[in-house]
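Here the structure comes first, spelled out in C-alpha cells, and everything after it is commentary.
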Amino acid sequence: MTTRKTRTARASVSANQLWGGRYAAGPAAVMTAINASIDVDKRLWREDIQGSLAHVAMLAAQGIVSAADAKKITRGLGRVAKEIESGRFVFKTELEDIHMNVEARLAELIGKPAGRLHTARSRNDQVATDIALWLRRACGEAEAAIAALQGALIDQAERHAATIMPGYTHLQPAQPVTFGHHMLAYVEMLGRDRGRFADAAKRGNRSPLGAAALAGTSFPIDRHATAKAMGFDGPTDNSLDSVASRDFGLEFLSACAIASTHLSRLAEELVVWTNPLFGFVTLSDAFTTGSSIMPQKRNPDAAELIRAKAGAALGAFMRLSTILKGLPLTYGKDMQDDKPALFEAADALALSLAAMTGMIADMKANPDRMRAAAGGGFSTATDLADWLVREAGLPFREAHHVTGRLVRLAEEKGCDLPDLSLAEMRAVDKRLAKGVFDVLGIDNSVRSRRSHGGTAPDNVARAAKAARKRWL
Ligand code: ARG
C-alpha cells in the first residue's frame, strides 16, 4: 500500500537499480503496489540494520571485504539508523522493502562500498534473520506483559483468598469457591502462556544469515560469528530450511492465539460479573465507558474489545499457516505476507494484556454480592452427599440419590438445604443426623476443600504466595 507520505516512483528509477542489469523497463504501477512491503516491514529496520552490521563485520574479519570498506559501511549504517530513528528517512515504495530502502540510502551516503554489503547474502536469509530477531524480542515482551497481568491477579488473590463466590459449571451454580482461587486459575493459564512464548523464543533462536538465496555461498563466511554477534544460539543447519521456514512465526502466533483465548475468557467473565444481576465486581472509571443517552450505564468496553481482539491472533495464525501450507521449498514471495499477520497479532495481544492488567488492578470485588449468590442453587449439595458417605457409610451413588431427593424437597418448599428441619430430612433417609448441618454452610464447604489445588482459603493463601514466588 502506498501511504500519502511515501514518495511515488521517480521517472529516473525506470528499471530497478538492484536488478537493472537484466531489466530494461520498470514495473507497472500495480506491480509496484502489490510487490511493495515497505509500509509494513519498515518496522523491522532495527533488526535489518543489526543483521547488516553483524554481516559486514564478519565479511571484514574473513577478508571478504576490506577493513576500509567495512568501516564505511558500518558508519553509513549508523547514519541510516539515526535518520530512521529521527523520522528524517524517506521510505520509498519503489524500493519495495526495508532491505532495499536501507541499502539504497547507504549507497547515497557512502557511494560504491555500499555495493559490497550484499556479498554472500540474499534478501531471503536477510528477511528470515530480521524476523527471527524480531520474534525473539516480541516473545520477551509478551512474557513481560503476561507477568504484569499475573501480578495484578495475584494481588487480588491475596486480598480475596477467603472471599466466597459461587463456582460454576455450565454457568450454573455448582459449588462455592473463593474469588482468590478463581483469580489464581488465570495465573496458572497465563503461566503456561509464558512458557509457550519462552519455548518459541528458544527454539527460534538460530541464525538463518548466510544461507544466502537458498543454497549457501561459495564465500568463506563464518555463520557462527554472525550468529553469536546477534545473540543467537548458533546458525541454522540447512540452508533450504533457513529461507523456507516460518514455523517460528507460527509458534509465536499459536502462543498469541492461546493467550488471547485465555484473555477472552477472563474478559467474558468481567462482562458477566459486572452485570448488575451478578454485581460481583466493579470496574474503575478508567476502564469503563458511559453512554451518551443512558446516564446509568457503565459499560465494560475494554473487556469486550479484548474478547474481540482474540480474533486477531486466531486469524493471524490461520493466515500464516494458509500462506505456508502449499508452498514448495524454498522461498516464495507469498512469505512476504507473513509480517502483517505477525505484527497484528503482537499488537493486539500487547494492547489486550495492558488493558486487562489495568482492569484487574483497579477492579473492586463485592464480597457481599458474591456471598449471597454462593449460597443459592443448592451449592452445598455435594457436601451433603459427601457427609452421607463419610459419616453414614453410604456408597457415593446412593448418597447422590438421597441428596437429590432432599434438593427436590427443598425446591418444592421454596427454601435452601440448610432451611430443611432434621425431621424433614430424616423422613427422606433415617441415616441423616444433626451433624449434617455443619457441612451445609458455604464457609464450611469451602474450608473443607483442602485437597491439593482445592479452594480452601488456607490453600488459596498459600497458593498465592507460591505463585508470587514462582512468577514475579
Ligand atoms: N520483502 C521480502 C520478504 O519480506 C524480502 C525477500 C525478498 N526476496 C526475494 N527473492 N524477492 O519476504
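Read the numbers this way: they start at 1 and go in the same order the structure lists the ligands and their atoms. What you see below is based on every heavy atom in this structure, not just the backbone, and it leaves out hydrogens, waters and symmetry mates. Worth saying up front: this structure is predicted, and the values here are computed from it rather than measured.
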Practice item. Provide, to 0.1 Å, the distance between atom 9 (C) of ligand 1 and the closest protein heavy atom, together with that atom's residue and name. Key: Asn124 OD1, 3.4 Å
Review point. So which protein heavy atom does atom 5 (C) of ligand 1 come closest to, and at what separation?
Key: Asp97 OD2, 3.5 Å
**Study point:** Heavy-atom neighbours of Arg116 CZ exceed 12 at 6.0 Å
**Key:** no
Check your understanding: What's the verdict on salt bridge (charged side-chain N to carboxylate O under 4.0 Å, His left out) for Lys112 and Asp69, showing C-alpha distance, side-chain angles and the deciding distance?
Key -> CA-CA 9 Å; Lys112 257 202 152 153; Asp69 282 348; over 6 Å; no
Exercise for review: Report the part of Lys339 in contact with ligand 1, treating N, CA, C, O as backbone and CB onward as side chain, heavy atoms under 4.0 Å; options are side chain, backbone, both, neither.
Suggested key: side chain
Review point. Under 3.5 Å, side chain of Asn238 to main-chain N/O of Asp241, donor-acceptor pair present?
Key: yes
**Study point:** Closest protein heavy atom to atom 6 (C) of ligand 1, given as residue, atom name and distance to 0.1 Å
**Key:** Tyr331 OH, 3.3 Å
Review point. If hydrogens are left out, which of Gln336, Arg246, Arg123, His99 has an atom nearest to atom 11 (N) of ligand 1, that is, the closest non-hydrogen atom?
Key: Arg123
Check your understanding: Going by the atom numbers of ligand 1, which of them fall below 4.0 Å from some non-hydrogen atom of Ser37?
Key -> 1 (N)
Check your understanding: More than 12 non-hydrogen atoms from neighbouring residues, nucleotides or ligands closer than 6.0 Å to CZ on Arg159, yes or no?
Key -> yes
Check your understanding: What is the minimum heavy-atom distance between Met370 and Val281, and which atoms define it?
Key -> CE-CG1, 4.4 Å
